[in-house]
Protein chains: 2
Amino acid sequence: MDAHRKDIHNSDIPVLCRACEARHRGVCGALTSSQLLSLNKQSTRKHIEAGSELIGESQETSSYANIITGVVKLTKMMSDGRQQIVGLQFAPDFLGRPFRIDSGISADAATDVNVCSFPKAAIERMIKEAPELEHRLLEQTLKELDEARDWMLTLGRKTACEKVASFLYLIATHINPEADPDSASFELPLTRSDIADFLGLTIETVSRQLTKLRKEQVIVIRNNRHVEVPDLDKLAEFASQ
Amino acid sequence: MDAHRKDIHNSDIPVLCRACEARHRGVCGALTSSQLLSLNKQSTRKHIEAGSELIGESQETSSYANIITGVVKLTKMMSDGRQQIVGLQFAPDFLGRPFRIDSGISADAATDVNVCSFPKAAIERMIKEAPELEHRLLEQTLKELDEARDWMLTLGRKTACEKVASFLYLIATHINPEADPDSASFELPLTRSDIADFLGLTIETVSRQLTKLRKEQVIVIRNNRHVEVPDLDKLAEFASQ
DNA sequence: CGACCGATTGATGGAAATCAACCGCTGTGG
DNA sequence: CCACAGCGGTTGATTTCCATCAATCGGTCG
């Protein structure tokens with residue numbers, strides 16, 4: 001992946017981009033430093049508070065964004081109010097659906113979120129100039145497809161307990177990818193209600209399974225939100241994965 | 001989409017490609033007639049019988065393919081035997097995971113299938129020459145991602161009856177896309193067992209819901225496999241979509 | 001302090017899984 | 001030719017897991 005990075009020195013990299021993960025693991029890694037500079041002129045950093053909407057369900061959005069920090073949830077809703085979270089996105093994921101207005105999905109900030117936002121047109125023009133950018137988008141889309149299909153197995157075939165364990169495992173391995181691969185300690189980015197919507201369960205069942213995992217000593221729960229996992233392998237067993 | 005077709009006349013189009021849907025709606029539409037000709041020299045038509053495997057779960061596959069006719073099911077399996085169908089593919093879908101060996105998915109012919117198969121290397125070389133080809137792959141991948149997320153809502157939040165109705169609606173609208181948009185009549189490409197694995201149910205529940213829909217006069221069942229839907233809108237209501 | 005919100009826990013009900021019997025069809029072999 | 005085994009599918013009886021309904025807890029904010 002690093003082979004695609006056109007820059008060797010940081011000399012002509014925009015200040016805001018220097019520490020940005022999107023330039024390494026994200027889509028911006030596909031750009032030359034001059035392209036990065038031009039895109040940077042049109043980009044703005046934005047802070048979005050937990051709970052507010054990034055992309056409306058079928059409202060047209062005129063910009064794309066990279067997630068800098070925080071967690072974004074992608075939700076589908078039925079007309080009678082039932083809803084399902086169909087994806088979680090972490091830094092440095094690319095946010096926004098290229099080449100189509102909408103697919104009945106809304107994107108909301110699960111936690112406080114910082115994004116780097118660009119006009120749609122700027123990205124689409126740049127795609128034409130840099131095929132490598134489209135390649136990165138394909139890579140991310142394939143990754144999201146894999147994740148969606150993994151989750152389909154969880155939704156369709158796992159028990160409530162396995163679902164909750166799978167969720168905790170997912171968060172433990174995504175919220176801080178560089179951390180210890182054996183144990184983990186983190187703040188849950190979702191409320192019980194969100195977790196239920198992600199797992200196709202009710203909040204009561206989520207709560208019961210969490211206390212079950214706590215009693216089985218698979219996890220330690222501090223403040224309803226803070227979770228510690230002393231042994232990730234053990235958690236994976238409970239998740240059947 | 002037609003704007004991308006480089007050919008006006010059929011004169012220099014390979015015989016096998018002339019009637020192929022992949023050249024219109026599929027990935028081959030991204031190729032010039034000379035590229036098509038060169039790819040065609042390396043491609044072979046293959047017939048696969050219902051039930052046999054196209055891509056093993058983690059075995060490396062050295063070729064990609066376009067589906068000419070038939071239905072392919074993508075399956076994920078757990079170590080204890082539970083399984084979930086995570087996608088169905090119809091003509092002229094592209095088959096095979098670009099840029100990665102595997103993602104724990106196996107592809108099996110649900111019905112008898114005809115494919116047009118190419119060596120992996122040929123496609124990957126052609127992607128470098130024709131960015132438009134990668135664009136088509138991105139389009140298809142985004143479509144599959146949308147479908148996967150739609151299905152996540154079905155798996156997580158719908159009742160057994162809504163799931164079965166959703167499945168019938170999916171088949172009715174995909175098996176013959178050009179047909180009457182109001183009613184439908186088709187052979188189910190999946191067994192009851194496959195349907196159960198697609199819906200996250202058991203075969204018994206699938207069977208019960210089918211008879212329920214039959215008694216409610218939403219569908220007519222002829223030979224266990226042949227289904228008629230006199231009113232697709234009514235079916236969509238039962239599917240809550 | 002009390003209202004409110006998110007979360008937990010308990011009691012009960014229901015939808016789907018499980019267990020089991022049976023149907024209709026096909027192919028096979030005595 | 002018929003007996004019967006095998007397979008996919010249906011139907012019935014029972015069980016189980018999760019949803020639903022309801023009460024309570026703990027923390028925060030006005």
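Here the structure is a predicted model, which means the values were calculated and not measured. So you know, we letter chains A, B, ... as the sequences are listed, proteins then strands, and number each from 1.
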*Hey, are the side chains of B/Gln241 and B/Glu162 touching, using non-hydrogen atoms and a 4.5 Å cut-off?*
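No - every pair of side-chain heavy atoms lies 4.5 Å or more apart.
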*Does some side-chain heavy atom of A/Ile195 sit less than 4.5 Å from a side-chain heavy atom of A/Phe167?*
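When only atoms from C-beta onward are counted, A/Ile195 and A/Phe167 do touch, with a gap below 4.5 Å.
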_Sugar-phosphate only, base, or nothing, as touched by B/Leu201 at under 4.0 Å among non-hydrogen atoms_ =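 If one applies the 4.0 Å heavy-atom cut-off, B/Leu201 turns out to touch the sugar-phosphate alone, with no base involved.
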*Give one of base, sugar-phosphate or nothing for A/Thr202, where a contact means two heavy atoms less than 4.0 Å apart.*
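Result for A/Thr202 = base.
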In this structure, how many angstroms lie between the [atom2] atom of [N] and the [atom1] atom of [X], rounded?
X: A/Lys163; N: D/dC17; atom1: NZ; atom2: C1'; result: 11 Å
X: A/Arg222; N: D/dG26; atom1: CZ; atom2: P; result: 18 Å
X: A/Asn223; N: D/dG27; atom1: CG; atom2: P; result: 9 Å
X: B/Asp194; N: D/dG8; atom1: CG; atom2: P; result: 10 Å
X: B/Ile203; N: D/dT11; atom1: CD1; atom2: P; result: 13 Å
X: B/Arg225; N: D/dG8; atom1: CZ; atom2: P; result: 10 Å
X: A/Glu204; N: D/dA22; atom1: CD; atom2: P; result: 12 Å

*asked:* Once hydrogens and angles are ignored, does a donor-acceptor distance under 3.5 Å link the base of D/dG12 to the side chain of B/Arg208?
replied: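 Donor-acceptor pair under 3.5 Å: yes.
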*Side-chain donor/acceptor of A/Gln209 to base of D/dC17, under 3.5 Å*: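 Absent.
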_With a 4.0 Å limit, can you tell me whether A/Thr205 has a side-chain N or O closer than that to the phosphate oxygens OP1/OP2 of D/dA19?_
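Looking at the OP1 and OP2 atoms of D/dA19, one of them is under 4.0 Å from a side-chain N or O of A/Thr205.
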*Mind checking whether A/Trp151 and A/Phe198 have parallel, tilted or perpendicular rings, split at 30° and 60°?*
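Ring orientation of A/Trp151 relative to A/Phe198: parallel.
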*Quick one: on DNA chain C, does A/Arg157 or A/Asn224 contact a more 5' nucleotide (nearest heavy atom)?*
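Whichever sits nearer the 5' end wins; that is A/Asn224.
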*Look only at the side chain of B/Asp231 and the backbone of B/Asp233, and say whether a donor-acceptor pair between them is shorter than 3.5 Å.*
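Side chain of B/Asp231 to backbone of B/Asp233, a donor-acceptor pair under 3.5 Å: yes, one is there.
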*Using side chain to side chain donor-acceptor pair (under 3.5 Å) as the criterion, point out the one residue from A/Asp194, A/Asp197, A/Thr111 that pairs with A/Lys73.*
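Considering A/Asp194, A/Asp197, A/Thr111, a side chain to side chain donor-acceptor pair (under 3.5 Å) with A/Lys73 is found only for A/Asp194.
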*Shortest non-hydrogen contact between B/Met77 and B/Gly81, atoms and distance*: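 Smallest heavy-atom distance, with atoms named: SD-O, 3.9 Å.
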_Taking every non-hydrogen atom, the tightest pair across A/Pro230 and A/Ile219_ =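 The pair with the smallest heavy-atom distance is CD-CA, 4.4 Å.
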*Covered region of DNA chain C, 5' end to 3' end, by chain A [heavy atoms, under 4.0 Å]*: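 Using the under 4.0 Å cut-off, the span is C/dA7 to C/dA11.
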*Using heavy atoms to find the nearest nucleotide of DNA chain D for B/Ile221 and A/Val206 separately, return the residue whose nucleotide is more 5′.*
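In this pair, the answer is B/Ile221.
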